[in-house]
Number of protein chains: 2
Amino acid sequence: MRTKQSGPIGRPRGFDPGEALERAMLVFWEHGYEGASLARLTDAMGISTTSMYAAFGNKEELFRKALERYTEGPSAYLARALEQPTALGVATAILAGTVRTTTRPAHPHGCLGVQGALAASDSGRGVRDLLAAWRNDGCSRVRERFQRAVDDGDLPPDADPGLLARYVTTLAFGITVQAASGVGRDELQEMADAALRNWPLP
Amino acid sequence: MRTKQSGPIGRPRGFDPGEALERAMLVFWEHGYEGASLARLTDAMGISTTSMYAAFGNKEELFRKALERYTEGPSAYLARALEQPTALGVATAILAGTVRTTTRPAHPHGCLGVQGALAASDSGRGVRDLLAAWRNDGCSRVRERFQRAVDDGDLPPDADPGLLARYVTTLAFGITVQAASGVGRDELQEMADAALRNWPLP
DNA sequence: AGATTTCTGTATCGATCGATGCGGAACTCG
DNA sequence: CGAGTTCCGCATCGATCGATACAGAAATCT
């Protein structure tokens, strides 16, 4: 027999916060921060607005947590890509991961970090700036990885890590826009392959 | 002396529709379709909601006309770029025009055709699809131009016009996202130069 | 058991959304 | 001039926005 764990006092939650957050992330991904209404979010999460506010604070806090989940979930390919042994491997993995994630059937097309709030009203400025910082942080991490590649001799000494990182992330962001426009996975992957055929940029 | 033109009967408009549309376009550009409220739009246009509805129909129609104005105004560089004599000239002009237009001081950063409505709620689906078609149309026109370059011998016979067009437009869309994130003009132009240094893609 | 704490469902808040009704103002006609 | 037509300012519409108040339900504590 197992001893009953003494849980926190009071009535326990009637839902799984992780799964509710996953559902919310998908709604934000598909409709954007301002395009996702509380009614639609809570309906997808399977809880009432009261429970949502008690568990996540408010709509903006819910989005911040959904973005964290997105980063560690659908967007985790970035962290894995940065661990590739060569700079070319890093770039290739980033673009392949972007293509795969933004064109998954049965998932929203595009990237939450881009279409979550590229432009917004005043009330969405906080989230818009958060996402801009999220994207710039991604570019910075790639640049630092390429700088390490230069230091290690993997990239030639005259290579510009900042320029290469900007190139790769610009392609990645462009891919997310193309995916949101309905462009197919194979065509984007072919383009990504061609874009890295002259690495590291003459 | 000049004969007085017999204008339309009734009280004449108290505002210039072209300038009002220009103001509306700037608001849509900065805040997106759903992020731009009627109150903010009409305030910027300097007219009342009644006048706006009488002159433009409704919010969605106003956006459609604002997008037309954007296409013939800030985005006119695309049409001019397609008239460049060489495919490389076309690609170079597209990216330079994108960088310039999306990073103009005293103008909204980014591109109306991208951040106008990448993701939206149900009520914004019409505009979202309109913009997706707008972007895909842009890519198609570039592809047709590159096809002509192949036919004319400007591009090698084995060049893939569709892939090249996808490459250039993906870079352009990526640039608009970077610009919306606050990345500076010079850095983006350097990246664009490097991206075309190996034209037409090995 | 009773007391205490926490979660949930309903009902609703004030604000804002896009969109209109209405009466008076401003113009061209005859 | 008066009649006819159009435009504009004000007030307001029903719907929806994000966010809460309140009371009852469900758990752990002593």
Novice: With no hydrogens and no angle check, is any side-chain donor or acceptor of A:E34 less than 3.5 Å from a backbone partner on A:S121?
Specialist: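 Indeed, once roles are kept as given, a pair shorter than 3.5 Å links the two residues.
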Novice: Rounded to whole angstrom units, what separation is found between the OH atom of A:Y53 and the P atom of D:dG18?
Specialist: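 Nearest whole value for this atom pair: 7 Å.
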Novice: Protein-nucleotides 5-7 of chain C N/O pairs closer than 3.5 Å?
Specialist:
from  : atom 1 : to    : atom 2 : distance (Å)
C:dT6 : O2     : A:R11 : N      : 3.3
C:dC7 : O4'    : A:R11 : O      : 3.2
C:dC7 : O2     : A:R11 : NH1    : 3.3

Novice: Got a sec, which residues hit side chain to side chain donor-acceptor pair (under 3.5 Å) with B:R80, two or more places apart in sequence or on another chain?
Specialist: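 B:R80 satisfies side chain to side chain donor-acceptor pair (under 3.5 Å) with no residue once adjacent residues are dropped.
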Novice: The criterion is side chain to side chain donor-acceptor pair (under 3.5 Å); which residues satisfy it with B:N136, sequence neighbours excluded?
Specialist: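 Expected list: none.
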Novice: List in chain and number order the residues that pass side chain to side chain donor-acceptor pair (under 3.5 Å) with B:E144, two or more places apart in sequence or in another chain; answer none if no residue qualifies.
Specialist: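 By the side chain to side chain donor-acceptor pair (under 3.5 Å) rule, B:E144 matches no residue at all.
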Novice: Can you list the residues that meet the side-chain contact (heavy atoms from CB on, under 4.5 Å) rule with A:P200, with sequence neighbours excluded?
Specialist: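 By the side-chain contact (heavy atoms from CB on, under 4.5 Å) rule, A:P200 matches A:L155, A:P156, A:L164.
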Novice: Please name the pair of heavy atoms, one in A:A55 and one in A:F15, separated by the smallest distance, quoted to 0.1 Å.
Specialist: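 Result for this residue pair: CB-CZ, 4.0 Å.
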Novice: Under 3.5 Å, is there an N or O donor on one side and an acceptor on the other linking the side chain of B:T50 and the base of D:dC10?
Specialist: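 By the distance-only test, yes, there is a pair.
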Novice: Under 6.0 Å between ring centres, would you say that holds for A:F173 and A:W134?
Specialist: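 No.
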Novice: Mind checking side-chain contact (heavy atoms from CB on, under 4.5 Å) for A:Q189 and listing every partner two or more places apart, or none if nothing turns up?
Specialist: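 Residues passing side-chain contact (heavy atoms from CB on, under 4.5 Å) with A:Q189: A:A96, A:V99, A:A192, A:D193.
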Novice: For DNA chain D, which residues of residues 55-70 of chain A approach it to below 4.0 angstrom with any heavy atom?
Specialist: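 Close to the strand are A:N58, A:K59.
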Novice: Quick check on contacts: within residues 17-47 of chain B, what sits under 4.0 Å from DNA chain D by heavy-atom distance?
Specialist: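 Hits under 4.0 Å, by residue number: none.
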Novice: Any donor-acceptor pair, under 3.5 Å, between the side chain of B:T49 and the base of C:dT20, if you only look at N and O atoms?
Specialist: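 Yes, the side chain and the base share a sub-3.5 Å donor-acceptor pair.
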Novice: Could I get the full list of side-chain contact (heavy atoms from CB on, under 4.5 Å) partners for B:R11, not counting sequence neighbours?
Specialist: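 Once residues adjacent in sequence are excluded, B:R11 has no partner under the side-chain contact (heavy atoms from CB on, under 4.5 Å) criterion.
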Novice: Going by the rule ring-ring contact (aromatic ring centres under 6.0 Å, His included), which residues pair with B:F63 if we only count those two or more places apart in sequence or in a different chain?
Specialist: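 Listed in chain order: B:F28, B:Y33.
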Novice: So, is B:S48 close to the D:dG9 phosphate, meaning a side-chain N or O under 4.0 Å from OP1 or OP2?
Specialist: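 It does, given that an N or O in the side chain of B:S48 lies less than 4.0 Å from OP1 or OP2 of D:dG9.
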Novice: Using the test side-chain contact (heavy atoms from CB on, under 4.5 Å), find all partners of A:A179 that sit at least two apart in sequence or belong to another chain.
Specialist: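 Listed in chain order: A:T102, A:T103, A:L188.
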Novice: Ignoring hydrogens and angles, tell me if any N or O in the side chain of B:S37 forms a donor-acceptor pair with the backbone of B:R40 under 3.5 Å.
Specialist: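 A pair under 3.5 Å: yes.
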Novice: Please report the shortest heavy-atom distance between B:A81 and B:A93, naming the atom on each side.
Specialist: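 Looking at all heavy atoms of both residues, the shortest contact is CB-CB, 3.5 Å.
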Novice: Between residues 120-128 of chain B and DNA chain C, which residues have a heavy-atom gap below 4.0 Å?
Specialist: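 Those residues: none at all.
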